[in-house]
Amino acid sequence: MAITTITTTQAPDAKPVARSFTLSTNWQTMIEVPNYEVPELVFGGSTTVEPGVGEVISPLMLCNFTANTVSVDVRTHRDDVNAEFWLVRNLAIPAYDTVPLPLNGQFFKSGDLLELKADANLSVDATLSFTLGQSEEDDV
């Protein structure tokens, strides 16, 4: 999978992002963390590509707006190990109910994904708030 690179005039710092969409029976991406191409602080005006980071700042709100119980799957793809990890599988969302999934404080790095799907099309709305920005490097 190719990681998106965003070219900026300055390093972004924790830009707030809100995502909402209606789930389908196919995997949909809620969070995808890009790389950032930013100016280097050196003579000559070159740029460098730096990794990004995303931090979840709200619960994942799952709202079933139908008269039937719908099951939802949530997983994350971790790029550094190239593997998927399940956060919930077959989470039952009762008819006309909302379930908050506490993901607050979870971090995602460049290439990581948070993905969702439901067992019924167009039955559950998903909403999440998170921040995206350039990650800090530990060069100690």
Side-chain angles (χ1 to χ4, degrees):
M1 172 181 87
I3 300 173
T4 301
T5 299
I6 296 173
T7 303
T8 67
T9 56
Q10 65 183 26
D13 183 31
K15 173 186 172 187
V17 179
R19 294 276 324 266
S20 295
F21 52 79
T22 302
L23 298 183
S24 73
T25 56
N26 298 313
W27 288 108
Q28 295 170 269
T29 301
M30 177 68 77
I31 296 177
E32 182 174 5
V33 181
N35 283 323
Y36 291 91
E37 183 178 349
V38 295
E40 276 190 298
L41 299 176
V42 297
F43 183 73
S46 62
T47 61
T48 182
V49 174
E50 298 293 337
V53 65
E55 180 183 6
V56 179
I57 58 175
S58 75
L60 172 61
M61 301 302 292
L62 301 168
C63 179
N64 181 354
F65 54 86
T66 66
N68 301 306
T69 296
V70 178
S71 293
V72 173
D73 295 335
V74 181
R75 71 179 183 189
T76 182
H77 171 83
R78 296 296 185 180
D79 191 60
D80 58 349
V81 293
N82 195 27
E84 280 75 39
F85 298 93
W86 291 89
L87 301 177
V88 296
R89 185 174 249 171
N90 297 321
L91 175 65
I93 313 293
Y96 303 113
D97 203 356
T98 299
V99 173
L101 188 60
L103 298 180
N104 317 50
Q106 292 296 307
F107 284 94
F108 294 84
K109 301 185 300 186
S110 289
D112 290 350
L113 303 171
L114 178 64
E115 301 174 307
L116 301 88
K117 73 175 182 174
D119 69 351
N121 270 324
L122 308 176
S123 299
V124 174
D125 286 333
T127 299
L128 184 70
S129 296
F130 56 98
T131 61
L132 284 177
Q134 179 186 331
S135 70
E136 297 179 16
E137 294 295 309
D138 186 6
D139 58 1
V140 177

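Along the sequence shown, the residues carry numbers beginning at 1. Just so it is clear, the structure is predicted and the values come from calculations on it, not from any experiment.
Remark: Gln106 pairs with no residue by the side-chain hydrogen bond (donor to acceptor under 3.5 Å, both in side chains) rule, at least two apart or across chains.
A distance of 11.0 Å separates OG1 in Thr66 from CG in Asp97, rounded to the nearest 0.5 Å. Atom OG of Ser71 and atom CD1 of Ile93 lie 8.0 Å apart (nearest 0.5 Å). Atom CG of Asn26 is separated from atom CG of Asn121 by 7.0 Å, given to the nearest 0.5 angstrom. In this structure, OH in Tyr96 is found 8.5 Å from CG in Asn64, a value given to the nearest 0.5 Å. Interatomic distance, Leu60 CG to Leu114 CG, rounded to the nearest 0.5 Å: 6.5 Å.
Placement of Trp27 and Leu128 in two distinct hydrophobic clusters is found when ILVMFWY residues are connected by side-chain heavy-atom separations under 4.5 Å, directly or transitively. Cluster membership for Phe65 and Leu101, using ILVMFWY side-chain heavy atoms within less than 4.5 angstrom, is not shared. Cluster membership check: Val99 shares its hydrophobic cluster with Val88, using side-chain heavy-atom separations under 4.5 Å among Ile, Leu, Val, Met, Phe, Trp and Tyr.
Contact detail for Trp86 and Asp73: the closest heavy-atom pair is CZ3-CB, 3.5 Å. Leu23 and Ala118 get closest at one heavy-atom pair: CB-CB, 4.0 Å. The two residues Thr76 and Leu113 come nearest to each other via the heavy atoms OG1-O, 2.9 Å. Contact record, Gly52 with Val33: C-CG1, 3.4 Å, taken as the closest heavy-atom pair. Here the closest heavy-atom approach between residue Pro34 and residue Tyr36 is recorded as CG-OH, 3.6 Å. Across every non-hydrogen atom of Ser110 and Asn35, the tightest pair is OG-OD1, 2.9 Å.
Tested against Leu62 for a side chain to side chain contact (heavy atoms under 4.5 Å, CB included), the candidates Val124, Thr98, Val70 yield a single pass: Val124. Considering Arg78, Arg75, His77 as possible partners of Glu84, the one that fulfils the side-chain hydrogen bond (donor to acceptor under 3.5 Å, both in side chains) test is His77.
Side-chain contact check for Gln134 versus Val53: every heavy-atom pair is 4.5 Å or farther apart. Side-chain atoms of Leu87 and Leu103, non-hydrogen and from C-beta on, do get closer than 4.5 Å to each other. Using a 4.5 Å heavy-atom threshold, the side chains of Ile31 and Asp112 count as separate. A heavy-atom distance below 4.5 Å is not found between the side chains of Asp119 and Thr25. Side-chain contact between Phe21 and Met30 is present, with at least one heavy-atom pair separated by less than 4.5 Å.
Side-chain N or O atoms of Arg19 include one that pairs as donor or acceptor with a backbone N or O of Thr29 at under 3.5 Å.
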Q.
Apply side chain to side chain contact (heavy atoms under 4.5 Å, CB included) to residues Val38 and Thr48 and explain how you reach the verdict.
A. CA-CA 6 Å; Val38 295; Thr48 182; 4.0 Å; yes
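Here Lys109 does not pair with Asp79 in a salt bridge; the nearest charged N to carboxylate O distance is not below 4.0 Å.
No side-chain donor-acceptor contact under 3.5 Å links Glu55 and Thr131.
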